[in-house]
Amino acid sequence: MPAFAWSTADRPTNEAAAIAEQERLRPLVRPYGPAPSPDPGVASGSGATPDDRLIAGVDVAYDEERDLVVAAAVVLDLDTLAVVEQTTAVDRVAFPYIPGLLAFRELPAVLGALGRLARTPGTVVCDGYGLAHPRRLGLASHLGVLTGLRTIGVAKTPFTFDHHEPDAPRGSWSPLTDPATGEEVGRAVRTRAGVKPVFVSVGHRIGLTEAVDTTLALARRYRLPETTRHADSLCRRTLAGLQRGTPTN
DNA sequence: GCGACAG
DNA sequence: ATCTTGTCGC
């Protein structure tokens, strides 16, 4: 997909600037829209036009010692869940881990990996939150606003939000609420019977129900979406290769 | 001030 | 995220 560099010069350097940037982008999020449809019709060649039959997963791995972040983007066919393409990108860790400001730490590298893809996926699944965020701009929403793509956030822990255990059957869910406002910011979704739920929230250009449906379609055999599993595996293997002096690819 | 806190 | 051993179960 078209490269979208987040120039070092434009990245917030401190916490206050980062929060101000989130406040600025926050109103640009569109928390509604359809789920990607598997067979819309014509394939969008191999260019800049987003292809709704393609869904990507992104994730990162760190080497704190050397201040490195390795991001991976893996594109799957929404119908078969087969891997269509995958890329990686290495960047310097330029922001500390601060709950609520994860995007500034991970997105630069993620954008680098996405920019190396030949095709443009219609949807991107992130490892983390979207609207379920103190300022309603978690990394999934932030990535959506920056790229204009439909995004979904699938996190592994409830962060600072409240929820009740969903019923045991796969597909069951319960609302994830913001203790401060009481509003539903996401849903705890049971992707596997009796297994700890995942926390789904809207990223950009999709509704909550649609985001949950998409997540369930991607997580049939395992708790986490196939997109996330592939991206996680790839960035970890790539980081291990770097630490060993093995060429990347 | 203290504790909690996506990855 | 990452650090870490063995262990229970499909």
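Residue numbers start from 1 in every chain, and the chains themselves are labelled A, B, ... in the order their sequence lines are given, proteins ahead of strands.
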Quiz question: by atom type and distance under 3.5 Å, do the side chains of A:S233 and A:R237 form a donor-acceptor pair? yes

A:R150-A:T123 side chain donor-acceptor pair, cut-off 3.5 Å: yes

Polar side-chain atom of A:R66 near backbone of A:D63 as donor-acceptor pair, under 3.5 Å: no

Note: A:E64-A:R105 ion pair, threshold 4.0 Å (strictly below): yes

Assess whether a salt bridge exists between A:R136 and A:E183, defined as any Lys/Arg side-chain N lying under 4.0 Å from an Asp/Glu carboxylate O. yes

Hey, does A:R221 reach any base, or is it just sugar-phosphate, or nothing, if we go heavy atoms under 4.0 Å? nothing

For A:Y129 and A:F161, take the angle between the two ring planes, folded into 0 to 90°, and tell me which bin it lands in: parallel under 30, tilted 30 to 60, perpendicular over 60. perpendicular

Evaluate the ring planes of A:F95 and A:F104, with Trp represented by its six-membered ring, and classify them as parallel (under 30°), tilted (30 to 60°) or perpendicular (over 60°). tilted

Would you mind building the protein contact string for nucleotides 2-7 of chain B? One character per nucleotide, 5' to 3', B for base within reach (heavy atoms under 4.0 Å), S for sugar-phosphate only, - for untouched. ---BBB

A:H133 and A:F159: ring pair (Phe, Tyr, Trp, His ring centres under 6.0 Å), yes or no, with the steps? CA-CA 9 Å; A:H133 176 275; A:F159 197 12; 7.2 Å; no

Hunt down any stem DNA chain B takes part in, defined as 3 or more consecutive Watson-Crick or G-U pairs whose two distances are each under 3.5 Å. none

